[in-house]
Amino acid sequence: MLQNIKDYELDELKSKMTEIGEKTFRAEQIFKWIYSENVDTIDEMTNISIELRNKLKDNFELKRFKIIEKQKSKDGTIKYLFDLLDGNAIETVLMEYKYGKTICVSSQVGCKMGCKFCASTGISYIRNLSSGEILEQILKVEKDENTKISNIVFMGIGEPLDNYDNVIKAVKIINDPKGLNIGARHISISTCGLVPKIYKLAEENLQCTLSVSLHSTNNEKRSELMPVNRTYNIQELIKACKYYINKTKRRISFEYALVKGENDSIENSKELAKLLKGMICHVNLIPVNEIKKDGYKKSTNENIMKFRDDLNSRGIVATIRRELGSDIDAACGQLRRKNLK
Ligand code: SAH
């Protein structure tokens with residue numbers, strides 16, 4: 001099978017050019033065609049001779065997803081179901097905010113983490129996405145909508161830190177001025193709490209935002225909602241987060257989905273404020289999206305606002321995440337992997 005040309009960082013592509021007996025500046029030309037011109041085929045790279053284009057085609061493929069389905073929510077959110085061309089399909093979501101367009105990308109086909117309230121869990125894990133497949137979600141959406149994306153969140157299907165190398169590679173290409181040229185501060189990586197990978201990420205010297213899905217301050221409850229907590233409990237997770245903040249000087253965003261009667265009492269907000277005290281952080285409250293199978297119910301709006309106000313009054317900055325795209329199952333925790341075979 002030919003390697004997807006979008007799987008290479010610029011330096012790697014330069015080495016590849018040397019390997020096939022070509023000059024390294026060709027890699028820069030190719031990068032421009034892919035990331036600035038967003039071409040569909042190698043044949044569109046018209047400042048490259050036909051002979052060389054043929055040679056490129058003998059050695060690489062330019063992978064372009066097919067759109068199986070595109071749904072538009074009444075709030076403008078768009079959900080894509082992409083055909084990965086190997087019998088699998090993933091979802092990607094485009095959202096519009098005042099400050100620009102945000103894309104929510106998937107990092108894996110399925111997910112191993114098993115969070116009880118998340119639809120991505122209902123189906124088993126198949127494989128990691130390659131870095132090129134992560135990038136292609138952005139490129140394909142930009143092409144299809146004829147738009148420029150300004151923010152990227154790794155909050156689609158999968159656990160990004162469980163596909164660490166490919167996610168970091170994609171981030172580097174997103175960041176590269178010769179790649180997608182989107183600043184790291186416009187990129188968020190969300191994790192359910194893979195502690196060793198948080199330490200590793202702290203050493204990467206990237207300025208992207210880390211989001212941590214916390215959802216509970218109580219180990220027993222968190223283990224019930226998120227099996228990962230049985231491996232890395234809340235205390236170990238918070239310790240890693242403190243290390244990350246210290247090392248990167250970046251604030252962490254904690255995600256907290258409010259589930260009626262499970263984690264949404266004022267007692268819970270008090271505990272949360274205590275747990276996060278002194279950390280440079282922000283709490284993102286997510287009204288839980290109800291997944292048919294699980295029976296978890298959304299907190300009332302009144303409760304959600306009380307929870308936020310209580311955190312704020314205790315010195316923890318908290319905001320409520322808007323529920324974009326819930327009418328087309330494009331909101332948090334509603335994305336699924338599909339099997340086309
Ligand atoms: N695996 C990563 C990326 C998924 S991000 C992670 O766990 O962080 C998606 C965010 O939506 C996470 O914070 C996740 O916990 C949250 N989420 C999952 N299911 C949800 C649901 N039904 N309602 C609201 N948020 C949900």
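Counting starts at 1 for both ligands and their atoms, following the listed order.
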> Going by an N to O cut-off under 4.0 Å, is there a salt bridge joining Glu142 and Lys101?
Replying inline: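 Judged by the 4.0 Å cut-off on N to carboxylate O distance, Glu142 and Lys101 do not form a salt bridge.
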> Any salt bridge between Lys297 and Glu262, counting N to O under 4.0 Å?
Replying inline: no
Show me, pair by pair, the donor-acceptor contacts under 3.5 angstrom made by side chains of residues 233-242, not counting sequence neighbours?
from: Asn233; atom 1: OD1; to: Gln235; atom 2: N; distance (Å): 3.1
from: Asn233; atom 1: OD1; to: Glu236; atom 2: N; distance (Å): 3.0
from: Gln235; atom 1: OE1; to: Asn219; atom 2: ND2; distance (Å): 2.8
from: Glu236; atom 1: OE2; to: Asn233; atom 2: N; distance (Å): 3.4

Distance under 4.0 Å to a non-hydrogen atom of [X]: what atoms of ligand 1 satisfy this?
| X | result |
| --- | --- |
| Glu255 | 13 (O) |
| Ile286 | 24 (C), 25 (N) |
| Cys332 | 11 (O), 20 (C), 21 (C), 22 (N), 23 (N), 24 (C), 25 (N), 26 (C) |
| Cys192 | 6 (C), 7 (O), 8 (O) |
| Gly158 | 1 (N), 2 (C), 3 (C) |

> Centre of Tyr296's six-membered ring, under 6.0 Å away, within 45 degrees of the axis: is that where NZ or CZ of Lys116 sits?
Replying inline: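 Output no; distance or angle outside limits.
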> When you look for heavy atoms under 4.0 Å from ligand 1, do you find them on the side chain of Thr191, its backbone, both, or neither?
Replying inline: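 It is the backbone that gets close, since no side chain atom is under 4.0 Å.
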> At under 4.0 Å between heavy atoms, which part of His215 makes contact with ligand 1: side chain, backbone, both or neither?
Replying inline: side chain
>> Quick check: Tyr256 with Phe307 (ring centres under 6.0 Å apart)?
In response: yes
> ligand 1 and Phe117, any nitrogen or oxygen pair closer than 3.5 angstrom?
Replying inline: yes
> If we ignore angles and hydrogens, is there a donor and acceptor under 3.5 Å between the side chains of Thr191 and Glu159?
Replying inline: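 Present: a donor and an acceptor within the cut-off.
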